[in-house]
Amino acid sequence: MHITQLNRECLLHLFSFLDKNSRKNLGKTCRKLLEVFQDPLLWSLLNFHSPVDLKKDNFLLGPALKHLSICWYSERVKVCNTEDWMKNSFQKDFCKRHENTVSDFLLDVCNRCPNLLSLTLSGCGHVTDDCILQLLKNCPNLKSLKLENCVRITDHTLKAVTLHGASLRILHVDFCRNVTQAGLDRVREKCPSVMLRAERSANMIPDSKPEKRLMLEKASRKWVQL
């Protein structure tokens, strides 16, 4: 029995076990399998492990998407999450090439995936408050928002949650060092039903200008000596 003799339901089930590249390659073999590759039912869940993957034409983005995860774990994450004034020219060039990749992709999600239920971002150092605000506005059913090591996220995102996160039930802002305790308290007050987690966030030293950072470091060393 040839694979193309299987019904649509069986083919979708088989495709569901394949990664994005394998799905695309199989879809290229004939028109019937291409139609299966393009079936929205196959693309309710998307996981990415590098911003480069977001540029590949091996997935379908549309209203069927319910769960999205972009988790970038590598030494390069540490490079992009280092303050600009501490980077060398190579590091700055690397970060510049990826600066808008995730944000542009998420804005596309805003326009094409209104039924999104959960979003997880880890190591996405260039994602901004404005980007998360647009997501909250355009994806009203979002129930879970997990942000980890997204260093440009600030209290503006927390405020957006209180204004536009009516469906939100889970909020993580772990290692987001530019959120403050006041911002977290605001979420707890305005959205008591939200399960809020903020490990290593408000207690970390936030991004600041070089002069202010040096002043904080000197003050810290002086305190230790005392």
Side-chain angles (χ1 to χ4, degrees), residues 46-49 51 66-86 95 98-99 101-103 105-107 109-110 116-209 212-213 215-217 219-220 223-224:
L46 282 175
N47 294 313
F48 298 95
H49 302 288
K66 300 292 181 64
H67 308 282
L68 172 62
S69 173
I70 306 174
C71 297
W72 190 18
Y73 299 107
S74 75
E75 288 299 317
R76 294 176 177 179
V77 173
K78 296 179 182 179
V79 170
C80 285
N81 283 347
T82 302
E83 293 82 351
D84 286 339
W85 62 276
M86 294 180 64
C95 293
H98 294 283
E99 184 169 5
T101 302
V102 178
S103 296
F105 179 79
L106 290 177
L107 291 177
V109 170
C110 288
L116 192 67
L117 296 178
S118 71
L119 172 65
T120 298
L121 302 177
S122 181
C124 300
H126 296 301
V127 171
T128 64
D129 296 315
D130 288 340
C131 193
I132 301 300
L133 171 61
Q134 291 303 316
L135 270 165
L136 290 169
K137 286 184 175 180
N138 289 275
C139 303
N141 299 319
L142 193 67
K143 297 183 182 298
S144 174
L145 177 60
K146 298 180 180 180
L147 308 175
E148 179 185 75
N149 202 14
C150 297
V151 297
R152 293 192 180 182
I153 295 302
T154 72
D155 286 357
H156 291 296
T157 285
L158 301 181
K159 183 178 180 180
V161 165
T162 66
L163 297 175
H164 307 287
S167 299
L168 208 62
R169 293 296 175 266
I170 297 174
L171 174 63
H172 292 178
V173 284
D174 300 333
F175 292 88
C176 295
R177 61 187 177 212
N178 285 304
V179 302
T180 69
Q181 190 60 51
L184 296 173
D185 291 341
R186 178 188 176 92
V187 173
R188 292 190 177 97
E189 178 186 354
K190 300 289 184 180
C191 308
S193 61
V194 173
M195 295 177 60
L196 177 62
R197 194 178 79 182
E199 294 185 6
R200 303 288 182 89
S201 292
N203 293 328
M204 298 179 72
I205 298 177
D207 284 346
S208 58
K209 294 181 179 179
K212 186 176 180 181
R213 173 60 62 86
M215 188 183 301
L216 289 171
E217 291 177 349
S220 178
W223 174 259
V224 171

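All values derive from a computational prediction rather than experimental measurement.
Note that the CG atom of Asn47 and the CG atom of Leu68 stand 8.0 Å from one another [nearest 0.5 Å]. The CG atom of Leu121 sits 11.5 Å away from atom CG of Asn149, with the distance rounded to the nearest 0.5 Å. The structure places NZ of Lys66 at 12.0 Å from SG of Cys139, a figure rounded to the nearest 0.5 Å. Within the model, atoms CD1 of Ile132 and SG of Cys150 stand 7.0 Å from one another, a figure rounded to the nearest 0.5 Å. The distance from atom OG of Ser144 to atom CG of Leu117, rounded to the nearest 0.5 Å, is 9.5 Å. The distance from the CG atom of Leu168 to the CG atom of Leu142 is 5.5 Å, given to the nearest 0.5 Å.
Minimum heavy-atom separation, Leu116 to His67: CD1-N, 4.0 Å. Of all heavy-atom pairs spanning Ser122 and Glu148, the tightest one is OG-OE1, 2.6 Å. Across all their heavy atoms, Val173 and Leu184 have their closest contact at CG2-CD2, 3.9 Å. Between Ser167 and Pro140 the shortest heavy-atom distance is OG-O, 2.8 Å. What you find for His49 and Trp72 is that their closest heavy atoms are O-CD1, 3.6 Å. Pairing each heavy atom of Val151 with each of Gly125, the nearest pair is CG2-O, 3.7 Å.
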side-chain contact (heavy atoms from CB on, under 4.5 Å) between His126 and Val102, intermediate numbers included: CA-CA 8 Å; His126 296 301; Val102 178; over 6 Å; no
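Under the side chain to side chain donor-acceptor pair (under 3.5 Å) criterion, Ser103 pairs with no residue, sequence neighbours left out.
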Could you tabulate the donor-acceptor pairs under 3.5 Å formed by side-chain atoms of residues 186-200, not counting sequence neighbours?
residue	atom	partner	partner atom	Å
Arg197	NE	Asp174	OD2	3.0
Arg197	NH2	Asp174	OD2	2.6

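Taking 4.5 Å as the limit, some side-chain heavy atom of Leu106 sits within range of a side-chain heavy atom of Ile70. Counting heavy atoms from C-beta outward, Leu171 and Leu158 have side chains that approach closer than 4.5 Å.
The list of salt bridge (charged side-chain N to carboxylate O under 4.0 Å, His left out) pairs with a residue in residues 120-143, not counting sequence neighbours, is empty.
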